[in-house]
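So that the names make sense, note that chain A is the first sequence line, chain B the second, and so on, each numbered from 1.
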Amino acid sequence: MVLSAGKVVSVELEPTRERLGKTIGEKFPGAGEAAADRTGPGKTLREYSEGRILSEKDIAALPVDWDRISPFQLKVLRKTAKIPYGKTATYGEIAAEVGNPGAARAVGAALARNPWPVLVPCHRVIGKGGSLVGFGKGIAAKDALLKFEERNLRR
DNA sequence: AGAATGACGGACC
DNA sequence: AGGTCCGCCATTC
């Protein structure tokens, strides 16, 4: 996870120092790393990984730099943030909900550049009919995240 | 300004 | 089920 001016700028599923360094250096000069902070986004991400069921409120509470993204992507991310833990929505549904029915493909493009994967639960957006379509870290990772959430809900 | 680019979706085979 | 083709839409170069 990378913070810039106290706001979440990037989240890595399996961060390596090389990747973080690359992200920080190339995309967000001046940003700092907050992988293990005890409060704020780092804490939220850690709790998620430990199985805590995050609510929409938890996501909304993140000090996210909403200015860095386009108006359309902003709408898509906000709508995505409302998908309940363990539930899923389709690209087409998100498109319709942000007022651009038919822009399913564009929704995919917007989510593909989600600066805060996992925290803004883009892994809960799937293809119509339940197909898992793509995911930045791979279909397997997407599947794993959904299974992970199902398990936690059943506990 | 125009063309290329996808984490879509629907039609068809 | 799986593969191709094509129309869509926001973004990027």
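- Applying the salt bridge (Lys or Arg N to Asp or Glu O under 4.0 Å) test to every pair with at least one member in residues 114-131 of chain A, sequence neighbours left out, gives these pairs: Arg124(A)-Glu149(A).
- For Lys75(A), the side chain to side chain donor-acceptor pair (under 3.5 Å) test picks out no residue, with sequence neighbours left out.
- With rounding to whole Å, Ile139(A) atom CD1 is found 14 Å from dG6(B) atom C1'.
- In this structure, CG of Asn114(A) is placed 19 Å from P of dA10(C), rounded to the nearest angstrom.
- Using a 4.0 Å heavy-atom cutoff across all strands shown, Gly136(A) reaches at least one base atom of the nucleic acid.
- Between the C1' atom of dT5(B) and the CZ atom of Arg113(A) lies a distance of 9 Å, rounded to the nearest Å.
- Spacing between atom CD1 of Ile69(A) and atom P of dT12(C) amounts to 12 Å, rounded to whole angstrom units.
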Return all side-chain donor-acceptor pairs below 3.5 angstrom for residues 96-111 of chain A, not counting sequence neighbours, or 'none' if the list is empty.
none

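- In this structure, Ser49(A) has no side chain to side chain donor-acceptor pair (under 3.5 Å) partners at least two apart in sequence or on a different chain.
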With 3.5 Å as the limit, what N/O pairs link the protein to nucleotides 8-10 of chain B?
| residue | atom | partner | partner atom | Å |
| --- | --- | --- | --- | --- |
| dC8(B) | O4' | Arg105(A) | N | 3.4 |
| dC8(B) | N4 | Arg105(A) | NH1 | 3.1 |
| dG9(B) | OP1 | Gly92(A) | N | 3.0 |
| dG9(B) | OP2 | Lys128(A) | N | 2.9 |
| dG10(B) | OP1 | Lys128(A) | NZ | 2.7 |

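- Nucleotide dA7(B) holds its P atom 12 Å from the CZ atom of Phe135(A), rounded to whole Å.
- Qualifying salt bridge (charged side-chain N to carboxylate O under 4.0 Å, His left out) partners for Lys82(A), counting only residues two or more places apart in sequence or in other chains: Glu56(A).
- Per the geometry, CG belonging to Leu111(A) stands 14 Å off C1' belonging to dC9(C), to the nearest Å.
- Atom-to-atom distance recorded for Ile94(A):CD1 and Leu77(A):CG is 10.0 Å, nearest 0.5 angstrom.
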